[in-house]
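Below is one structure, written out as structure tokens, with a few remarks after it.
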Amino acid sequence: MRQMKVRVNGRDYRVSCAQGDEAKIADLAEYLQAKVESLGIPANTPVAEAQVLLLVGLLAADDLSDRLNEIEALQAEVEQLRGEISRLHHEHSNRVSSYETRSAQGLEKAAARVEQLVARFEPV
């Protein structure tokens with residue numbers, strides 16, 4: 001495990017992470033810092049650090065909840081599209097089968113007609 005330092009709300013924190021995850025951790029800390037800044041708490045306002053971090057956690061949880069709802073809606077849309085694809089595939093298969101049947105019937109009629117014509121012109 002690697003140790004790294006991140007800064008959130010004016011304080012440095014040491015965190016452990018797997019090697020190679022440093023950039024991800026730094027990005028997450030920047031995300032939290034942006035949430036702290038979005039609170040708009042003026043500098044030197046006496047607000048407990050725990051209160052700030054709770055509010056930041058709630059904002060982050062709200063973002064996560066929104067993304068999960070979006071994912072759920074997209075999954076429902078994917079399922080709907082899969083159903084539509086299945087319906088269209090079935091419809092296409094039925095049409096192809098119908099065309100094949102009609103083509104075979106047409107060829108049988110043509111073959112019968114050819115046989116009739118050949119019979120008319122064959123010497124007896």
Side-chain angles (χ1 to χ4, degrees):
M1 292 298 269
R2 301 195 34 108
Q3 290 280 319
M4 65 179 288
K5 181 177 75 170
V6 295
R7 188 170 191 81
V8 177
N9 196 29
R11 266 194 83 187
D12 291 333
Y13 296 91
R14 285 210 151 301
V15 295
S16 295
C17 65
Q19 187 169 354
D21 283 346
E22 296 87 355
K24 181 178 180 179
I25 298 296
D27 288 345
L28 292 171
E30 285 179 28
Y31 170 82
L32 291 177
Q33 180 57 38
K35 291 298 177 190
V36 168
E37 293 168 7
S38 77
L39 292 172
I41 300 172
N44 301 324
T45 301
V47 179
E49 180 179 8
Q51 185 73 20
V52 171
L53 294 179
L54 171 66
L55 292 172
V56 167
L58 290 172
L59 290 172
D62 184 49
D63 284 350
L64 176 61
S65 175
D66 289 346
R67 297 304 82 76
L68 291 173
N69 288 337
E70 288 173 10
I71 289 170
E72 204 172 273
L74 289 170
Q75 287 173 332
E77 186 177 345
V78 164
E79 284 307 311
Q80 180 183 0
L81 290 171
R82 282 184 177 148
E84 182 68 10
I85 288 169
S86 178
R87 184 190 68 76
L88 290 171
H89 179 70
H90 183 71
E91 184 179 300
H92 174 74
S93 293
N94 287 343
R95 282 186 182 167
V96 167
S97 178
S98 173
Y99 292 148
E100 288 173 347
T101 301
R102 289 185 2 219
S103 296
Q105 290 170 345
L107 286 173
E108 287 174 2
K109 284 181 184 178
R113 181 69 179 135
V114 167
E115 287 176 5
Q116 288 174 351
L117 291 173
V118 166
R120 271 181 62 192
F121 293 106
E122 281 185 343
V124 187

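Small disclaimer: the values here were computed from a predicted structure and weren't measured.
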How long is the span from the [atom1] atom in [X] to the [atom2] atom in [Y], to the nearest 0.5 Å?
| X | Y | atom1 | atom2 | result |
| --- | --- | --- | --- | --- |
| H92 | R87 | NE2 | CZ | 13.5 Å |
| D66 | I71 | CG | CD1 | 11.0 Å |
| L28 | E30 | CG | CD | 9.5 Å |
| E100 | S93 | CD | OG | 9.5 Å |
| D21 | S16 | CG | OG | 11.5 Å |

Counting heavy atoms not belonging to [X], are there more than 12 under 6.0 Å from its [atom1]?
| X | atom1 | answer |
| --- | --- | --- |
| E72 | CD | no |
| Q80 | CD | no |
| Q19 | CD | no |
| R120 | CZ | no |

Sub-4.5 Å side-chain heavy-atom contact between L74 and E77: yes
Q33 versus E37, side-chain donor and acceptor atoms under 3.5 Å: yes
Okay, side chain of [X], backbone of [Y]: is any donor-acceptor separation there less than 3.5 Å?
| X | Y | value |
| --- | --- | --- |
| S98 | N94 | no |
| S103 | Y99 | yes |
| S86 | G83 | no |

Exercise: identify the closest heavy-atom pair between A26 and M4: N-CE, 4.1 Å
Residue from V8, L59, N9, L53 passing side chain to side chain contact (heavy atoms under 4.5 Å, CB included) with L32: V8
C17/E22 under side chain to side chain contact (heavy atoms under 4.5 Å, CB included): CA gap, chis, key distance, verdict: CA-CA 7 Å; C17 65; E22 296 87 355; 4.1 Å; yes
From CA spacing to verdict: side chain to side chain contact (heavy atoms under 4.5 Å, CB included), V6, D12: CA-CA 6 Å; V6 295; D12 291 333; over 6 Å; no
Full working for salt bridge (Lys or Arg N to Asp or Glu O under 4.0 Å) between D63 and K35: CA-CA 10 Å; D63 284 350; K35 291 298 177 190; 2.7 Å; yes
